[in-house]
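Please read the structure below before turning to the comments.
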There are 2 protein chains.
Amino acid sequence: MRKYRLVADQLLEEITHGKYKNELRLPTEEDLIVAYSVSKSTLRNAIDVLVDKSILYRVQGSGIYIRKPIYPDTITINSIKGFKEEFKNKKIHSKVIKLEQVEADAEISFKLQCEIGTPVYFVNRIRYVENEPFSIEYSYFNKNIIPYLGKEIAEKSIYNYIENDLNLSIGFADKYISVEKLSKIDSDHLQLNESDPSMVTEETVFLSNGKVFNHSKVIHNYKYAKFFALAKNR
Amino acid sequence: MRKYRLVADQLLEEITHGKYKNELRLPTEEDLIVAYSVSKSTLRNAIDVLVDKSILYRVQGSGIYIRKPIYPDTITINSIKGFKEEFKNKKIHSKVIKLEQVEADAEISFKLQCEIGTPVYFVNRIRYVENEPFSIEYSYFNKNIIPYLGKEIAEKSIYNYIENDLNLSIGFADKYISVEKLSKIDSDHLQLNESDPSMVTEETVFLSNGKVFNHSKVIHNYKYAKFFALAKNR
DNA sequence: TTGGATTTGTGCGTATGTATA
DNA sequence: CTATACATACGCACAAATCCA
């Protein structure tokens, strides 16, 4: 693995294991450079990772500080984690309502930025957290990029499959968040009333090479859905 | 201004003015380094700015590409813009319902990370876009950091005042997003029905020196509120 | 209040690694 | 397999913000 990630991982572990529990400020860049035997740019890359994760913040001329932990049980918008990863300290499972192969029509081809007629997988899943229905996912995958997708995969983690089995590198995602009133069928799935509100996210997910492989619309139970984002001023 | 920002600004202007309209790919890093007469690290910092703004994306071994524009009329979660800045191509105005100085109680002091009893400003505003009620803001400012706040400022732009008049540097913000049903008073302000849904954001805003100066709860009209975020995989 | 010391930010240049074409 | 192009890593100098005597 790249050096700056090793440093970031190690630093994070030291922080979470209380190495700096009595101080808000980390050692200076120069001290950390010596401690980890890396160059200035490598150390700064490592710190950048933890700043983006809301673990640390920097103050020019002053130092690098440890942040208070963010509110727990929130979905982090800035990062791309699978459902499993997001709730890894909770009991979660998924029910696959439908998984089929179709050809992209005009709307799907637009969302997946591919040709009309491209073979795609459609997946409809319900996600449960602690046995409560948490969200309903309507998801499309470009079959030219994801050659195979089965129910046995969709019941576990599609993202884990893509990254570890297919060895593809997920790059970035556009996420749109809005509020909609529930349809009859979605309200049934979520055990809510029709026309109750829902938090809706619509995501376009890109591989590191810039190709769109996935588009998802996720209907969240409004009682549980809470999102977190770190905003930076630049 | 710092060189990498000048390069980022210039590059963005060239992109938006169609210099690269016939190509998806920018010139190579090396070419851009020569074109702008800067070092590699300066150029990379400039590109980073535009990547964070969802203008560009990079593919190792391939090139730097221009992204399709994001969906318009969305609020960007990743960045800290004032209301005015976010809707700068729209007609917007604000109505100040209340502006008063109070002492921080337990809850406010927790949210502003200050002592109980600290003098704070409380501001309650309604924001209009194209004369439609868009959101209701309940906001607290630490008076030890923002020594003065008046109605004449709150009717325009508090953020503009803080950055340009007080010359303070806004650093980062934690944002939480959830859905709540409207209270009677909020539904009246938004011209909606009581118990209609609303998109709620709760923000803690930090100066560059890490001090909390503002905490806001904003109730958005669910019909108009649409948020955008760029997620990165790291 | 000031000014020097400390600490992070920016900028330069180069070499090598890694993914893409 | 080779060439291309971005990613990582090293090290140094100076700028800018903060801190403190």
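Reminder, nothing fancy here: chain letters follow the sequence lines and each chain counts from 1. These values consider heavy atoms only, across backbone and side chains, with no hydrogens, waters or symmetry-generated copies.
- Between the P atom of C/dG11 and the CZ atom of B/Arg5 lies a distance of 9 Å, rounded to the nearest Å.
- Considering only the side chain of A/Gln60, C/dT8 comes nearest among C/dT8, D/dT8, C/dG11.
- With rounding to whole Å, A/Ile33 atom CD1 is found 13 Å from C/dG9 atom C1'.
- At a threshold of 4.0 Å, the pair B/Glu29-B/Lys40 counts as salt-bridged, since one of the basic side-chain nitrogens sits closer than that to a carboxylate oxygen.
- Ranking D/dT18, D/dC6, C/dG11 by closeness to the B/Asn209 side chain, first place goes to D/dT18.
- Taking atom CG of A/Leu6 as the reference point, atom C1' of C/dG17 lies 15 Å away to the nearest angstrom.
- Toward the 5' end of DNA chain D, the nearer of the two residues A/Ser39 and A/Tyr65, judged by each one's closest nucleotide, is A/Ser39.
- An OP1 or OP2 oxygen of C/dG9 is reached within less than 4.0 angstrom by a side-chain nitrogen or oxygen of A/Arg58.
- Nearest heavy atoms, A/Arg25 versus A/Thr28: NH2-CG2, 4.1 Å.
- Checking D/dT18, D/dC6, C/dT10 against the side-chain heavy atoms of B/Arg44 singles out D/dC6 as nearest.
- The closest donor-acceptor contact from the side chain of B/Asn78 to the backbone of B/Leu230 lies under 3.5 Å.
- Mapping B/Gly63 and B/Lys211 onto DNA chain D by nearest heavy atom places B/Gly63 at the nucleotide closer to the 5' end.
- Salt bridge status for B/Glu155 with B/Lys151: absent, with no side-chain N to carboxylate O gap under 4.0 Å.
- For the OP1/OP2 pair of D/dT18 and a distance below 4.0 Å, the side-chain nitrogens and oxygens of A/Ser62 include no atom meeting the criterion.
- Applying the 3.5 Å distance criterion, the base of C/dG9 shares a donor-acceptor pair with the side chain of A/Lys40.
- The side chain of B/Ser41 places no N or O atom within less than 4.0 Å of a non-bridging phosphate oxygen (OP1 or OP2) of C/dT10.
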